[in-house]
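Before any comments, here is the structure.
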Amino acid sequence: MGPGVSIIEATIMQAQHGFRLDRALADLLPNLSRERLKALINDGHVRLTGQSAKIGTTTKVAIGQHYIVTLPAPVALDTVAQDIPLTIVHEDADLIVVDKPAGLVVHPAAGNLDGTLVNALLHHCKGQLSGIGGVARPGIVHRIDKDTSGLLVVAKSDKAHEGLARQFKDHSIERLYAAIVYGHPVPGNGTIDAWLGRSDADRKKMAVHREGRGKHAVTHYRIMERLQDAAMVECKLETGRTHQVRVHMAHIGHPLIGDPVYSRDRKGFKSILETLGFKRQALHAKSLGFIHPVSGERLMFLSALPADMQELLSQLHV
């Protein structure tokens, strides 16, 4: 296997039995779009263990089949270092913790080839980021959405990258989010245990699916403050799936205020959001804790609520 190439494995379960191969794998591997999977299948990067015959996107799958997906090394995007201001919370020889502002994309991709956190870090760290993520995503161990603010850890050394990735995989990273949601969740604290995967209606969105379809996701929430027809909620992530807090809170009937994908402006809120110029989901990664992958020290970082969410909070006080 060449440098930068990675392998993902997936076993067909009852929920995917009889599906087309591309749809089944999209269920099991929600971080890969269906179009991406179709391309991988057509290019011969997906194989069924124990068989050498070529398979296609329309191949029907069966329970227990084990597929191996080979992800080629990422194509270079000619990522350039850019002098973009950053709020650095912590930095040492192996890692850096950044307090990301809302609106900043984490890494280059189609539509955002520069002006990202990676571009800024390449400048700040003078190119010294872990190469495990490939040239397109150097140092990136996890992400937060473009319009979510808050704490993010980035690996500068490969040893740190491997150690952090292991902690994310075993769910030992401590992550707390502050969210402002519509209404008052009942009960005031609880656990949302609901599987997440790509939406059948819109592949750019995530959705709650029945058990066994997509990826297991668990969010623990509690009301921190009751507001006028809204609430400040703290969400503790047991898992870290794409859009997890946003989808889970919408699933229990309390979507995030300002979320352009998973909620609609409710009566009485539109004028407030327009007056404030608030145009993002009210979500902030406020706490991040982990074991330093090199020193073994326990680290914990906190980030204050950003100004735009503080203004929204003050407008919604009862």
Side-chain angles (χ1 to χ4, degrees), residues 8-17 19-38 40 61 67 69 71 106-107 109 140-148 150 152 165 167-182 185 189-222 233-264 280-285 288:
I8 301 176
E9 301 186 26
T11 301
I12 303 302
M13 294 184 282
Q14 176 68 47
Q16 292 83 37
H17 179 70
F19 282 7
R20 285 169 45 126
L21 177 58
D22 58 331
R23 181 183 174 191
L25 291 179
D27 269 0
L28 295 168
L29 306 172
N31 288 331
L32 295 176
S33 70
R34 194 161 174 178
E35 290 306 310
R36 172 67 167 146
L37 285 163
K38 285 180 181 179
L40 289 168
V61 303
Y67 287 89
V69 181
L71 296 177
V106 171
H107 61 71
I140 300 302
V141 187
H142 69 126
R143 296 180 296 172
I144 55 178
D145 297 334
K146 171 187 175 183
D147 290 323
T148 296
L152 192 80
Q167 291 181 62
F168 276 102
K169 185 175 181 179
D170 64 23
H171 310 313
S172 60
I173 299 278
E174 183 176 326
R175 282 169 290 176
L176 293 178
Y177 283 76
I180 304 177
V181 304
Y182 290 112
N189 61 80
T191 296
I192 307 167
D193 187 334
W195 290 61
L196 298 181
R198 295 284 174 183
S199 167
D200 292 331
D202 183 349
R203 300 297 297 174
K204 294 180 181 179
K205 296 174 62 175
M206 304 300 288
V208 169
H209 293 296
R210 63 183 178 277
E211 184 176 343
R213 184 178 172 194
K215 289 191 175 183
H216 188 217
V218 179
T219 303
H220 306 284
Y221 73 88
R222 64 185 180 116
V233 174
E234 179 184 86
C235 294
K236 181 178 181 180
L237 272 60
E238 190 171 309
T239 56
R241 311 306 183 195
T242 302
H243 298 177
Q244 179 171 318
V245 172
R246 299 165 65 187
V247 179
H248 270 177
M249 294 309 297
H251 177 63
I252 64 170
H254 299 280
L256 273 58
I257 292 178
D259 193 325
V261 178
Y262 301 105
S263 71
R264 295 179 180 177
R280 68 165 178 120
Q281 61 267 8
L283 185 63
H284 178 67
L288 179 66

Work out which heavy atom in [X] is nearest to a heavy atom in [Y]; give both atom names and the distance.
{"X": "Val233", "Y": "Pro185", "result": "CG2-CG, 4.3 Å"}
{"X": "Gln16", "Y": "Gly212", "result": "NE2-O, 3.2 Å"}
{"X": "Gly150", "Y": "Ile144", "result": "O-CD1, 3.7 Å"}
{"X": "Val69", "Y": "Leu40", "result": "CG1-CD1, 3.9 Å"}

Report yes or no: do [X] and [Y] form a side-chain donor-acceptor pair below 3.5 Å?
{"X": "Thr191", "Y": "Asp193", "answer": "no"}
{"X": "His220", "Y": "Asn189", "answer": "no"}
{"X": "Tyr262", "Y": "His243", "answer": "yes"}

Report yes or no: does Ser199 contribute a side-chain atom to a donor-acceptor pair with the main-chain N or O of Ala201 at less than 3.5 Å?
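Yes, Ser199 side chain to Ala201 backbone: donor-acceptor pair under 3.5 Å.
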So, Arg222 side chain and Cys235 main chain: donor-acceptor pair closer than 3.5 Å or not?
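No, Arg222 side chain to Cys235 backbone: no donor-acceptor pair under 3.5 Å.
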For a 4.5 angstrom cut-off between non-hydrogen side-chain atoms, does [X] reach [Y]?
{"X": "Val218", "Y": "Ile192", "result": "no"}
{"X": "Tyr177", "Y": "Thr148", "result": "yes"}
{"X": "Leu28", "Y": "Met13", "result": "yes"}
{"X": "His107", "Y": "Arg143", "result": "yes"}

Partners of Asp200 by salt bridge (Lys or Arg N to Asp or Glu O under 4.0 Å), sequence neighbours excluded?
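Once residues adjacent in sequence are excluded, the partners of Asp200 under the salt bridge (Lys or Arg N to Asp or Glu O under 4.0 Å) criterion are Arg213.
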Who pairs with Arg175 by salt bridge (Lys or Arg N to Asp or Glu O under 4.0 Å), at least two apart in sequence or on another chain?
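Once residues adjacent in sequence are excluded, Arg175 has no partner under the salt bridge (Lys or Arg N to Asp or Glu O under 4.0 Å) criterion.
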Under 3.5 Å donor-acceptor pairs involving side-chain atoms of residues 246-258, not counting sequence neighbours:
unit_1: Arg246; atom_1: NE; unit_2: Asp259; atom_2: OD2; d: 2.8
unit_1: Arg246; atom_1: NH1; unit_2: Asp145; atom_2: OD2; d: 2.8
unit_1: Arg246; atom_1: NH2; unit_2: Asp259; atom_2: OD1; d: 2.9
unit_1: His248; atom_1: ND1; unit_2: Thr219; atom_2: OG1; d: 2.8
unit_1: His248; atom_1: NE2; unit_2: Ala194; atom_2: O; d: 2.9
unit_1: His254; atom_1: ND1; unit_2: Tyr182; atom_2: O; d: 2.8

Evaluate the criterion side chain to side chain contact (heavy atoms under 4.5 Å, CB included) for residue pair Leu176 and Leu237; output intermediate values, then yes/no.
CA-CA 7 Å; Leu176 293 178; Leu237 272 60; over 6 Å; no
Say you draw a straight line from [atom1] of [X] to [atom2] of [Y]; how long is it, rounded to the nearest 0.5 Å?
{"X": "Glu238", "Y": "Ile173", "atom1": "CD", "atom2": "CD1", "answer": "14.0 Å"}
{"X": "Lys215", "Y": "Asp27", "atom1": "NZ", "atom2": "CG", "answer": "12.5 Å"}
{"X": "Lys146", "Y": "Arg280", "atom1": "NZ", "atom2": "CZ", "answer": "12.5 Å"}
{"X": "Leu152", "Y": "His142", "atom1": "CG", "atom2": "NE2", "answer": "4.0 Å"}

Check for me whether the distance between the ring centres of His209 and Trp195 falls short of 6.0 Å.
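No.
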Could you check whether Arg20 pairs with Asp22 (Lys NZ or Arg NE/NH1/NH2 to Asp/Glu carboxylate O, under 4.0 Å)?
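Yes, charged N to carboxylate O under 4.0 Å.
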Step by step, would you call Val61 with Tyr67 a side chain to side chain contact (heavy atoms under 4.5 Å, CB included)?
CA-CA 10 Å; Val61 303; Tyr67 287 89; 3.7 Å; yes
Could you walk me through whether Val208 and Leu196 satisfy the side chain to side chain contact (heavy atoms under 4.5 Å, CB included) test, starting with their C-alpha distance in whole Å, then the side-chain angles of each, then the deciding distance to 0.1 Å, before giving a yes or no?
CA-CA 5 Å; Val208 169; Leu196 298 181; 3.8 Å; yes
